[in-house]
Number of protein chains: 2
Amino acid sequence: MSRIREHNRELIIQAASEIFADQGYAATKIIEIANRAGLPKPNVYYYFKSKENLYRSVIESVIDPLLQAAQPFYEDDDPATVLEQYIIAKIKVSQQHPHASKVFASEIMHGAPHLPEDIAEKMMEQTIQSSNKIQSWVDRGLMDRVDPHHLLFTIWAATQTYADFDWQISRVTGKDNLSQQDYDTAAQQLTQLILKGCGVQTSKAAKAG
Amino acid sequence: MSRIREHNRELIIQAASEIFADQGYAATKIIEIANRAGLPKPNVYYYFKSKENLYRSVIESVIDPLLQAAQPFYEDDDPATVLEQYIIAKIKVSQQHPHASKVFASEIMHGAPHLPEDIAEKMMEQTIQSSNKIQSWVDRGLMDRVDPHHLLFTIWAATQTYADFDWQISRVTGKDNLSQQDYDTAAQQLTQLILKGCGVQTSKAAKAG
DNA sequence: CGGCATCTTAACTCCGCGGTCAACAATAAC
DNA sequence: GTTATTGTTGACCGCGGAGTTAAGATGCCG
């Protein structure tokens with residue numbers, strides 16, 4: 001893989017992720033992507049054979065941050081710690097990968113017609129693990145008797161909303177872009193809401209001991 | 001407006017809202033809408049002059065339930081009552097108007113390019129009213145010092161997710177469609193989460209007295 | 001330099017979909 | 001009945017965007 005190839009593929013994927021996020025798959029024109037990348041249209045076809053292929057490359061290029069966010073569930077067993085870290089990680093994804101988040105959201109809203117099955121499975125696997133862990137906390141009396149699935153749905157929705165519905169959020173807050181402080185506030189308030197709302201025993205002792 | 005006209009317009013709008021929700025604006029073909037409505041394509045153009053016009057009609061046909069959901073904020077002043085009723089109403093919209101919800105979500109995700117400004121303003125107005133009310137509860141010590149905007153974002157996201165991301169929810173829960181019971185559980189758990197999580201004084205006394 | 005691979009570009013094809021039209025059928029008005 | 005209005009239909013047009021091609025430019029080895 002030559003330097004030029006690598007470089008141009010990156011340019012194109014970056015441009016594509018922005019435009020796919022902005023307009024959705026069907027409304028996106030290859031020439032727009034080419035223009036944003038500063039390249040002629042046939043180059044896009046030279047490096048990626050088709051629009052669909054490019055789209056899949058975009059999705060694949062951004063899976064990692066999305067999957068990484070679930071790490072806290074594998075690294076600890078204290079509900080307060082895990083849930084807090086998970087929420088922070090999720091909001092960070094929305095903040096740092098807004099395009100990726102939107103492409104994914106749009107994809108899932110329309111029934112995930114392009115999502116490779118192995119990726120869908122990986123995410124499903126993570127979900128099962130996370131649910132089981134939450135259930136175990138419930139069983140051990142470390143938090144209220146919540147339904148793990150509904151809890152996850154709420155966390156996903158509340159964290160992703162900062163990327164997916166940024167237009168709405170801009171309008172309501174009156175800011176074109178949220179500041180670091182805004183994201184911190186969001187994460188902190190949501191953490192508080194979830195922990196307190198689920199009656200999580202915030203036992204730092206459990207971690208220290 | 002003749003009977004036939006009224007009837008066919010309804011058929012088309014119903015079909016259109018399903019397909020727009022399913023595929024998004026750009027990916028939707030008029031002939032698909034016509035087929036689902038059981039009419040030839042030119043009829044769609046006879047009753048609605050253009051695709052864009054039809055799309056706007058779809059949006060307008062479903063504004064009411066969306067706006068109605070905010071009623072609880074105007075009918076009461078007890079935080080526990082209002083928030084509970086609001087969450088129930090919002091989830092009911094997701095349950096009863098899944099297509100409408102999706103069309104709106106998709107529209108907003110892409111920067112609301114087709115949303116009539118007067119509708120956007122109405123929603124903005126509601127948001128301001130709701131925020132102010134929440135702020136007044138905070139000021140009166142009826143709940144924790146939460147940021148009203150972030151609280152609303154969370155409620156919106158968590159309630160809409162049951163319509164917008166139904167594919168994901170189906171996969172995780174293993175059910176093609178959620179039952180009435182599932183929606184009730186979701187509403188009840190989310191209410192509990194929000195009320196407890198925001199330290200809302202659940203004073204039925206305030207209402208009775 | 002020469003010779004090979006990689007990259008770039010303008011000009012092109014193809015086709016699907018938004019939108020139209022003109023003739024026809026059905027209904028309503030009298 | 002006659003006429004006017006409304007509704008239906010198949011065949012059509014034009015555009016714009018996905019994808020192609022073939023020639024030329026550029027880099028990359030000796």
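Keep in mind that what you see is a predicted model, and the values were worked out from it rather than measured. Letters A, B, ... are given to chains in the order of the sequence lines, protein chains preceding strands, and every chain is numbered from 1.
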Pi-cation contact, Tyr25(B) with Lys51(B) (under 6.0 Å, within 45°): yes

Per Ser50(B) side chain, nearest of listed nucleotides dG19(C), dT8(C), dT8(D): dG19(C)

Starting from P on dG7(D), measure out to CG on Asn43(B) and report it in whole angstrom. 10 Å

Step by step, work out the side chain to side chain contact (heavy atoms under 4.5 Å, CB included) result for Tyr47(A) and Glu10(A). CA-CA 10 Å; Tyr47(A) 290 113; Glu10(A) 259 173 44; over 6 Å; no

Carefully, step by step, assess Glu117(B) and Arg171(A) under the rule salt bridge (Lys or Arg N to Asp or Glu O under 4.0 Å). CA-CA 12 Å; Glu117(B) 186 55 31; Arg171(A) 248 189 109 112; 3.0 Å; yes

Can you tell me the distance, in whole Å, between the CG atom of Leu39(B) and the P atom of dG10(D)? 12 Å

Determine the interplanar angle of the Tyr55(B) and Phe20(B) rings, folded into 0 to 90°, and report it as parallel if under 30°, tilted if 30 to 60°, perpendicular if over 60°. perpendicular

The side chain of Pro42(A) is closest to which nucleotide in this list: dT21(D), dT6(C), dT9(D)? dT21(D)

Check whether any side-chain nitrogen or oxygen of Asn8(B) sits under 4.0 Å from OP1 or OP2 of dT8(D), and answer yes or no. yes

Flag the pair Thr173(A) / Asp182(A) as yes when at least one side-chain heavy-atom distance between them is below 4.5 Å, and no otherwise. no

Between OH of Tyr55(B) and P of dC17(C) the distance, given in whole Å, is 19 Å

Nearest whole angstrom, please: distance from the P of dA5(C) to the OH of Tyr46(A). 12 Å

Going by heavy atoms closer than 4.0 Å, what residues in residues 15-35 of chain B are next to DNA chain D? none

Look at Arg36(B) together with Glu32(B) and state whether they make a salt bridge at an N to O cut-off of under 4.0 Å. no

Does Arg5(A) place a side-chain N or O at less than 4.0 Å from the phosphate oxygens OP1/OP2 of dT6(C)? no

Could you tell me the separation between the OH atom of Tyr45(A) and the C1' atom of dT13(C), rounded to a whole number of Å? 13 Å

Looking at the base of dG19(D), is there any donor atom on it, or on the side chain of Lys41(A), that sits under 3.5 Å from an acceptor on the other one? yes

Under 30°, 30 to 60°, or over 60°: which ring-plane class applies to Tyr162(B) and Phe153(A), parallel, tilted or perpendicular? perpendicular

For Ile4(B) and for Lys49(B), find the nucleotide of DNA chain C with the closest heavy atom, then tell me which residue's nucleotide is more 5'. Lys49(B)

To the nearest Å, how far apart are Phe48(A) CZ and dA18(D) P? 15 Å

OP1, OP2 of dT8(C) versus side-chain N and O of Tyr47(A): anything below 4.0 Å? yes

